[in-house]
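What follows is one structure encoded as structure tokens, with my remarks underneath.
Treat the numbers as computed from the prediction; the structure is a model and nothing was measured. Numbers restart at 1 for each chain; the letters A, B, ... are given by sequence-line order, proteins then strands.
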Amino acid sequence: MTTMLRLAVALMVGALAVRDAAAQWNVARFGSARNQVYTTFGLDPAQVASVGYGRVVPLFGREWQLGAEVGVVAAHFDTRDYRARLQARASLVHWRSLHLVGSAAFITRGTENTIYRAINFGADVTGAAGVYRPGWFMAGEFGFDKAIVTHLTHSDWYRRYIYPDAKDGWYLDTGGTYHYGVTGGVAIGPAEVAVRAGWLRTEDFNDLLPPMYASLGVGFRF
Amino acid sequence: MHVSRWIPIACFGLGGLGALACETLDPSAPGNLVPPTVTEDASLPAIAMNGSRFHLETFGDPGNPVVVFLHGGPGSDYRSMLRLAQRYDGYSLTDEYFLVFWDQRGTGLSQRHDRDVLTVDRYVSDLDSLVQRYSPGRPVYLIGLSWGGMFATRYINQYPERVAGAVLIEPGPLDGATMERLKDDILDFDPGSEWVNDVAWGNQFLSPDDHARMDYELLLGMRDGQPGFGLSTVDPEPSWRLGAAANRYIVEDGQDGNGVFNYDFTTNLTAYTTPVLFVAGSLSQVLGRSLQQEQVLLYPSASLVVVDGAGHDVAWVKPADVLAHVRTYLDALKGAPR
């Protein structure tokens, strides 16, 4: 019952608080132009290349950047390993240049490897606190990415050489990842360069491989 | 805000909710992702020993001399050694010996444990309990594959009088200095490789927070992570279930606080004068002929045979050839003074 409640809350957060996934772009520049396109590359958690679009809209009395992003694992350009996010991001509280920024994303991702093919639905909630000025920003971030439901289809290889009775189907509450680190960026005209780096832990705070994330992004506002 | 902007969001949400409406599975439940262990399935052949429960099978007449098989890993299981129990050219080891196949502590279908009891010393204690149980007062023969060859050497180093003979098939480095030299070749940890990215990407789907998920995900590196082993792609070694915790903590037990391998399983091998047989696969690059030519010198009396047409999985791919060498070796030991 507790698990179902957690999942329901996570789904509601994901559905209602749609915004940009990576707390990576400068909220102090939301007023400079409404639209943004961007690309990112990094270790997150595999080598991932992403492209995204965001648009700043007034909603519930705040400026929100709503957007969508798609990414694939860049190693061997493996399009079987992909991720799509619908996301929203806004400054929740601010005092002068100090902002508490909240973001949430609803995520679907897929993978195919030696032992299984999977599609997953999840949600990410991240908070960042720091200094956001029109020309630059620097913040610390902490977030949680929950794998809510995952559909697994086991490979012929796995069934033949390891476990013929492996169960295909929807698996509930398959995992979650904490991510915490720093993010920062500078603006050059309409362009913005941003970086993120930090550590990854499982939802039970166990080690992960790799134990860290890092990404570099370039965006343009228009 | 225009309503159409919410359509993709609703689709994502409905997809997730639709999944919740279906019958869902628990990734940690026994039998879903990985087979149950002996503590989860009472029908599996098992023994209780040394504070744990072990998956184990025996073949042959219990009155015959005992051969104990030590599988690889650490963290693999005995399934890939079972062809050595079969009959080839009219001969089976069961004709003359009592064969004991077992999954080491925390691996295969044996009981899972946490870090505190996953140590090399505990492994040696487990093996000694097994030896005393099946061959009390009489030395046993050991056949060790890869890590199993290292494990056999570690046991011989401590209890030379309890081992009547040993066959070491592609044993890994018997001391930490050699492991340090070869570790980057043993595991191809290229950050750009597909298997490394598969492991990292897979962590978003399944967190390694319990034994079932840890063991399941460890498999991602099994097929592609060791290209220097020359493994067969047409006749791959099977496995029951890997033991991720055992793999990690037994390896770490051989390292110092900085992660440098500092174990040495050879400090007392001069006390073991019985001939030892090393077996290598001709296609095995990292743990093959060149390494074993060095390692035979660590025993007072050891020889090496190389089996053509197989890699590190030589015991699975060329079992008849390996068995022929084992038989010749064991025959030579019969009646030999100890």
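Annotation: the span from A:Asn113 atom CG to B:Phe205 atom CZ amounts to 9.0 Å, rounded to 0.5 Å. With rounding to the nearest 0.5 Å, the separation of CZ in A:Arg83 from CH2 in B:Trp201 is 4.0 Å. One finds the CG atom of B:Leu25 at 5.0 Å from the OH atom of A:Tyr171 (value rounded to the nearest 0.5 Å). B:Asp198 CG to A:Thr114 OG1: the interatomic distance, rounded to the nearest 0.5 Å, is 6.0 Å.
Contacts of A:Asn120 with chain B are made by both backbone and side-chain atoms, with heavy-atom separations under 4.5 Å. Interface remark: A:Arg80 contributes side-chain atoms only to the contact with chain B (heavy atom separation under 4.5 Å). In this structure, no portion of B:Val196 lies under 4.5 Å from any heavy atom of chain A. Contact annotation for B:Asn203: both backbone and side-chain heavy atoms come within less than 4.5 Å of a heavy atom of chain A. A:Asp168 touches chain B through its backbone: at least one of N, CA, C or O sits under 4.5 Å from a heavy atom, while the side chain does not. At a 4.5 Å heavy-atom cutoff, A:Leu200 makes no contact with chain B through either its backbone or its side chain. For a residue to count as touching a neighbouring chain, one of its non-hydrogen atoms must lie under 4.5 Å from one of that chain's; by this rule B:Trp240 touches chain A with the backbone only. Proximity to chain B (any heavy atom under 4.5 Å) is shown, for A:Tyr213, by neither the backbone nor the side chain.
The shortest distance between side-chain heavy atoms of A:Thr202 and B:Pro208 falls below 4.5 Å. You'll find the side chain of B:Ser239 stays beyond 4.5 Å of the side chain of A:Tyr163, heavy atoms only. The shortest side-chain heavy-atom distance between B:Asp209 and A:Glu203 falls under the 4.5 Å cut-off. With a 4.5 Å cut-off on side-chain heavy atoms, B:Arg248 and A:Asp207 count as touching. Looking only at side-chain heavy atoms (C-beta outward), A:Leu152 and B:Leu33 come within less than 4.5 Å of each other.
Using a 4.5 Å cut-off between non-hydrogen atoms, no part of residues 250-258 of chain B approaches chain A.
Checking B:Val34, B:Leu219, B:Leu242 one by one against A:Ile162, the side-chain contact (heavy atoms from CB on, under 4.5 Å) holds for a single residue, B:Leu219.
Between chain B and the residues A:Thr150, A:Ile115, A:Leu43, the most heavy-atom pairs under 4.5 angstrom are made by A:Ile115. Interface remark: of the candidates A:Thr111, A:Val48, A:Thr174, A:Thr174 forms the most heavy-atom pairs closer than 4.5 Å to chain B. Interface summary for chain A: among B:Val199, B:Asp210, B:Leu206, B:Asn32, the most heavy-atom pairs under 4.5 angstrom belong to B:Asn32.
Residues passing the ring pair (Phe, Tyr, Trp, His ring centres under 6.0 Å) test with B:Tyr216, sequence neighbours excluded: A:Tyr116, A:His154, A:Tyr158.
Annotation for B:Ser207 and A:Gly176: closest pair OG-N, 2.8 Å, computed over non-hydrogen atoms. For the pair A:Pro210 and B:Ala200, the tightest heavy-atom approach, listed with the atom from each and the gap, is CD-CB, 3.5 Å. Pairing each heavy atom of B:Gln204 with each of A:Ala147, the nearest pair is O-CB, 3.2 Å.
Annotation for B:Asp116: atom CG counts as buried by contact number, over 12 foreign heavy atoms lying within 6.0 Å. Counted within 6.0 Å of CZ on A:Arg160, heavy atoms from surrounding residues, nucleotides or ligands total 12 or fewer; the atom is thus considered open.
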